[in-house]
Amino acid sequence: MRSFREGLRELGYIEGRNLTIDWRFADDVDARLSELAEELVKLQVDVIVTYTSSGVRAAQRATKAIPIVAMTVGDPVASGFAASLAHPGGNITGSSVMWREVLDKRLELLSSVLPKSARIAYLTNPDAGYVRPNWMGMLVVRARTMDDVATGVSLVIKQSAEGLLVADDAFFNFHAREIGELVTRHKLATTFGEQDGADGGGLMSYGVDYEDLLHRAATYVDKILKGQKPGDIPFEQPSKFRFVINLKTAKALGVTIPPSMLLRASRVIE
C-alpha cells in the first residue's frame, strides 16, 4: 500500500489532516471479504478501494451507490464490473491488468526457452475467475492454499511436465517467494507474474508493474472526491511491465536464456 499512499500524498491528501483510511484486511481468507465490505458500507465511506477481482466482487455485492476503485482487476468487462473499459457505466472504475494478454506473453517466454516437446502446466486459483487457458494439452492445476500448491506441484512432476505457468492471483503473488522455493526444490522451470517468484528461485517472472498501478489508483480516488462519477471514468490498462530472469536458476535447470531475452529483462538475477 506504500505506493498508493504516496500517490495520495502527491495529490494533497494527508492522513489525519484531510483524509481518513479505514483499513480492512481479509488475511488470505476470501470468505471474509463480503463481511469486510459490508462493514465499510455501514461506515458510509466516500470511496471503497480494493484489490483483485475477489475484493471488487465483494464490494460490488455490498453497494451499488458508493464508488469503488479497483486497484487491479483481471477483465472488468468479462467479470461484470463494467459495461466497457471506456465507459464502465456503474459505480466501479480502476485498472485492468490485461491478464489474458499478459498470461499469453508469459507462456510465450517460458515456451521459448524449453524444448518444443516440453509439457507446460498452469497453476490457477479457481476462486479468481481466471480458469480459462484454452491452450491445447495443458495440464491445469487448481489451488486455493499452499497445501494445494504443494500437491499440485507434485502432480505436475508425476505428469512429467517440464514447465509451470503461474496465474496472476493475489494469493499466488503474496506467496510467490514461497512457491519459487518449492518449484526450485523440484527443479521445475516456472514463470510467475510477481517478481518475488523469481527472487525465490523461479526461472523468471513477467507481469504488470503493480507498484505503478497502485500509485495510479490514487488518481481515481482524487477524481471521484472532486465530483466525477466512477461510471464516467475509463478503466486504464497497464503501461509498465516487469520482466525478471533468474540466471542462477536457468543454469541449475540447464536452460539456455538467449542474449536477446537477457537484454529485454528489467532485472537479471545472477
Looking at Ser95 and Thr72, would you say the former's side chain and the latter's main chain have a donor-acceptor pair under 3.5 Å?
no

Any Lys/Arg nitrogen of Asp30 or Arg144 sitting under 4.0 Å from an Asp/Glu carboxylate oxygen of the other?
no

For His175, ring pair (Phe, Tyr, Trp, His ring centres under 6.0 Å) partners two or more places apart
Phe171

Consider only side-chain heavy atoms of I, L, V, M, F, W and Y, link residues closer than 4.5 Å, and tell whether Val113 and Leu247 are in one cluster.
yes

Say you draw a straight line from CD of Glu162 to CG of Leu114; how long is it, rounded to the nearest 0.5 Å?
6.5 Å

Salt bridge (Lys or Arg N to Asp or Glu O under 4.0 Å) between Glu39 and Lys42, worked out:
CA-CA 5 Å; Glu39 285 183 15; Lys42 289 178 181 177; over 6 Å; no

Got a donor-acceptor contact below 3.5 angstrom from the Thr63 side chain to the Ala59 backbone?
no

Side chains of Thr50 and Met71 in contact at under 4.5 Å (non-hydrogen atoms):
no

With Phe235, which residues qualify under ring pair (Phe, Tyr, Trp, His ring centres under 6.0 Å), at least two apart?
none

Would a distance-only check, ignoring hydrogens and angles, find a side-chain to backbone donor-acceptor pair under 3.5 Å from Asn91 to Ile66?
yes

Any donor and acceptor pair, going by atom type alone, linking the side chain of Asn246 with main-chain N or O of Thr249 inside 3.5 Å?
yes

Same cluster or not: are Met204 and Ile120 linked, directly or through other Ile, Leu, Val, Met, Phe, Trp or Tyr residues, by side-chain heavy atoms under 4.5 angstrom apart?
yes

Hey, quick one: are Val183 and Val255 part of the same hydrophobic cluster, counting side-chain heavy atoms closer than 4.5 Å, chains of contacts allowed?
no

How far apart are the closest heavy atoms of Val56 and Ala70, and which atoms are they?
CG2-CB, 3.5 Å

Test Arg5 against Glu15 for salt bridge (Lys or Arg N to Asp or Glu O under 4.0 Å), laying out the working first.
CA-CA 9 Å; Arg5 295 169 105 160; Glu15 289 181 75; 2.9 Å; yes

Check Gln195 against Ser205 and note the closest heavy-atom contact, atom names and distance.
CA-OG, 3.3 Å

Expected output: side-chain Thr190 to main-chain Leu203 donor-acceptor under 3.5 Å:
no

Atom CG of Leu11 and atom NZ of Lys223: how far apart are they, to the nearest 0.5 Å?
10.5 Å

Are the side chain of Ser117 and the backbone of Pro115 linked by a donor-acceptor contact shorter than 3.5 Å?
no

Check whether any side-chain heavy atom of Ile14 sits under 4.5 Å from a side-chain heavy atom of Leu8, and report yes or no.
no

Could you tell me if the side chain of Arg2 sits less than 4.5 Å from the side chain of Glu211, heavy atoms only?
yes

Can you see which heavy atom on Ser239 is nearest to which on Arg216, and at what distance?
OG-NH1, 3.8 Å

Which heavy atom of Leu107 sits nearest to which heavy atom of Leu165, and what is that distance?
N-CD1, 3.7 Å

Short question: side chain of Asp222, backbone of Ala218 - any donor-acceptor pair under 3.5 Å?
no

Check for a donor-acceptor pair, side chain of Ser112 on one end and backbone N or O of Leu109 on the other, with a separation under 3.5 Å.
yes

Do you reckon Val153 sits in the same ILVMFWY cluster as Phe172, going by side-chain contacts under 4.5 Å, direct or chained?
yes

Say whether, by atom type as modelled, one donor and one acceptor occur between the side chain of Ser3 and the main chain of His215 under 3.5 angstrom.
no

Answer yes or no: is there a side-chain heavy-atom contact under 4.5 Å between Asn125 and Arg142?
no

Should the pair Lys248-Glu270 be classified as a salt bridge under the 4.0 Å nitrogen-to-oxygen rule?
no

Start with the C-alpha distance between Arg57 and Ser79, add both sets of side-chain angles, then the distance that settles side chain to side chain contact (heavy atoms under 4.5 Å, CB included), and finish with yes or no.
CA-CA 9 Å; Arg57 191 167 290 110; Ser79 298; 4.1 Å; yes

With a 4.5 Å cut-off on side-chain heavy atoms, are Arg100 and Asp75 touching?
yes

Kindly work out whether a path of hydrophobic side-chain contacts (I/L/V/M/F/W/Y, heavy atoms less than 4.5 Å apart) joins Phe192 to Phe241.
no

Would you say that Trp23 contacts Phe25 through its side chain, given a criterion of any heavy-atom pair below 4.5 Å between the two side chains?
yes

His186 atom NE2: more than 12 heavy-atom contacts under 6.0 Å:
yes

Under a 4.5 Å cut-off applied to non-hydrogen side-chain atoms, are Thr219 and Val221 in contact?
no

Any chance you could lay out the side chain to side chain contact (heavy atoms under 4.5 Å, CB included) test for Arg32 and Val29, step after step, and finish with the verdict?
CA-CA 6 Å; Arg32 296 189 60 219; Val29 183; 3.8 Å; yes

What are the two closest heavy atoms between Val208 and Pro238, and how far apart are they?
CG1-CG, 3.4 Å

For Ala167 and Leu103, work out which heavy atoms get closest and say how close.
CA-CD1, 4.3 Å

With a 3.5 Å distance limit and no angle check, can you tell me whether Lys64 reaches the backbone of Gln60 through a side-chain donor-acceptor pair?
yes

What orientation do Phe243 and Tyr206 show, parallel under 30°, tilted 30 to 60°, or perpendicular over 60°?
perpendicular

Side chain proximity check, Tyr210 to Val97, heavy atoms < 4.5 angstrom
yes

